[in-house]
Amino acid sequence: MTKVSYYSGETFPLEMHKVRIIQKLTLLPIEERLRAVEEAGYNTFLLENKDVFLDMLTDSGVNAMSDRQQAAMLLADDAYAGSATFTRLHAKLTEIFGKRYFLPAHQGRAAEHILCKAYITPGCTAVTNYHFTTWKAHVTELGGRVVELIRPEGLLVNSDNPFKGNFDVPRFEALVEEIGADKIPYVRMEAGTNLIGGQPFSLANLREVSQACRKHGVKLVMDASLLADNLHFIKTREAECADWEIADIARAMSDECDIVYFSARKLGFGRGGGIITDDEGVYKQLRGFVPMYEGFLTYGGMSVREMEAITVGLDETMDEDMINQGPQFISYLVKTLDEAGVPMVTPPGGLGAHVDASRFLDHVPQTQYPSAALASAVYLASGVRGMERGTMSEQREPDGTEPLADMELVRLAVPRRVFTLSQINYAIDRVRWLYDNRRLVGGLRWVEEPAILRFFYGRLEPIGDWQHELVAKFRQDFGQSL
Ligand code: F0G
């Protein structure tokens, strides 16, 4: 929480910034929300933003920029090769991460593409604390296998473990023993582990992973897309780092890794990404892919304006007051809903609050996509757009069998520096109403199921007619109100 304490004894988040540009929002009546979600095939990715009140789909590319970022964008140096803008971004990354080389890419998955093209070979085993959808799609597309070595407590929905993203080093040692280190191209540590609820790993754990990797000659790669949240959690939850500057924590993390990559749609309050390393051999090996897939080495698919914004955004990320608003709002959202009896992932993580759809809709089997059904129901009840993070986000095996997700979640992302606390309170109010009426919500089935990354653009329909029952109950309880 903030360093401010209150006379009333209450605690609530306090933003250390003010809003100077606003965007008007529209809240449609529930009947129009029903029309919109039907047109979207009960997939919140396919809703049009004009039909959304609070867009809590993602924290990607929708974080608010600061005045300093906007100002820097005006100073961008437009050049295909060797722009001063690129030099500034490169210098900032070297200052923060202590690594000499930077390969720009247009977003995080483009960095993953390059890292997979270079290192994934058919039959190899790519090891991670926990997968992310886009990275796993690249690994499997190239014939590799993904092994997740999250510690068992990471998969508990409710826990008081502050570092649920931690990696299981003994299981890694056993895996190396079993298949040999030469089958493992790299270990990927995802900061702020997305799919298990934005959960961080500790610096102590990263050090152990790094030691094991060095011992076996396996590269250690950090996905730093959600680094800002992970830095905040290390500072506030890891005793050793309580008095460290954020920049010192970032540097200590980077020092343990051979390669760091990131989506600047999350890290740095902009849009872009890239790969950082201090290893000249790695740099030269990866370099050729940048002009081939992204753009020349000094822009990699990013606009110069965005690169300027990222440079300043990375600088702001080293200021605790600039990165703690997101985690604090999420903590408030999770705690308030949890106290009201709504099943939530605890402890609160970064990037968003995560509702436990398997308990919320315990009458809907996983094969009927409870997370997707709940995401649609939340939109119907509130105009808030969340995201399915459950079985629908999984991919079928080559033989057509459907893996059931470890967790069935609905993510209510909290884009950084965007919402006010009253908007968060509105979301809480409507989720509480929905929880009291949860038995009305049923499952979904496919109308159109794409083979790859089906959650992005697949279309579904309700099993039964639960959507109309929910609308009728809403009208009964709220009258003609929105
Ligand atoms: N790694 C992590 C941890 C991510 O959360 C994401 C994106 C990526 C890589 C890929 O980056 O989108 O810039 O290509 N997460 C988005 C989300 C899609 O909504 O969670 P990208």
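Keep in mind that the numbers below use all heavy atoms, side chains included, and drop hydrogens, waters and symmetry copies. Numbering of ligands and ligand atoms starts at 1, following listing order.
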(request) Taking ring-ring contact (aromatic ring centres under 6.0 Å, His included) as the test, write out the residues that go with F289, two or more places apart. (result)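 Not a single residue meets the ring-ring contact (aromatic ring centres under 6.0 Å, His included) criterion with F289.
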(message) Test your reading of the model: is there a side-chain donor-acceptor pair from S376 to the backbone of Y42, 3.5 Å cut-off?
(response)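 Looks like yes, one N/O pair under 3.5 Å.
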(request) List, ordered by chain and residue number, the protein residues whose closest non-hydrogen atom lies under 4.0 Å from any atom of ligand 1. (result)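 These residues qualify: T58, Q107, G108, R109, E112, F132, T134, E190, N194, D223, S225, S263, R265, K266, M387, R411.
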(request) Give every residue pair that meets the salt bridge (Lys or Arg N to Asp or Glu O under 4.0 Å) criterion with at least one member in residues 372-393, sequence neighbours excluded. (result)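 Matches after skipping sequence neighbours: D55-R385.
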(message) Is a donor from one side chain sitting under 3.5 angstrom from an acceptor on the other, for H106 and E294?
(response) yes
(request) Verify the distance criterion only: is there a donor paired with an acceptor across the side chains of Y130 and Q199 at less than 3.5 Å? (result) no
In residues 146-157, what donor-acceptor pairs under 3.5 Å come from side-chain atoms, sequence neighbours left out?
from : atom 1 : to   : atom 2 : distance (Å)
E148 : OE2    : H131 : N      : 3.1
E148 : OE2    : H131 : ND1    : 2.4
E153 : OE2    : N161 : ND2    : 3.3

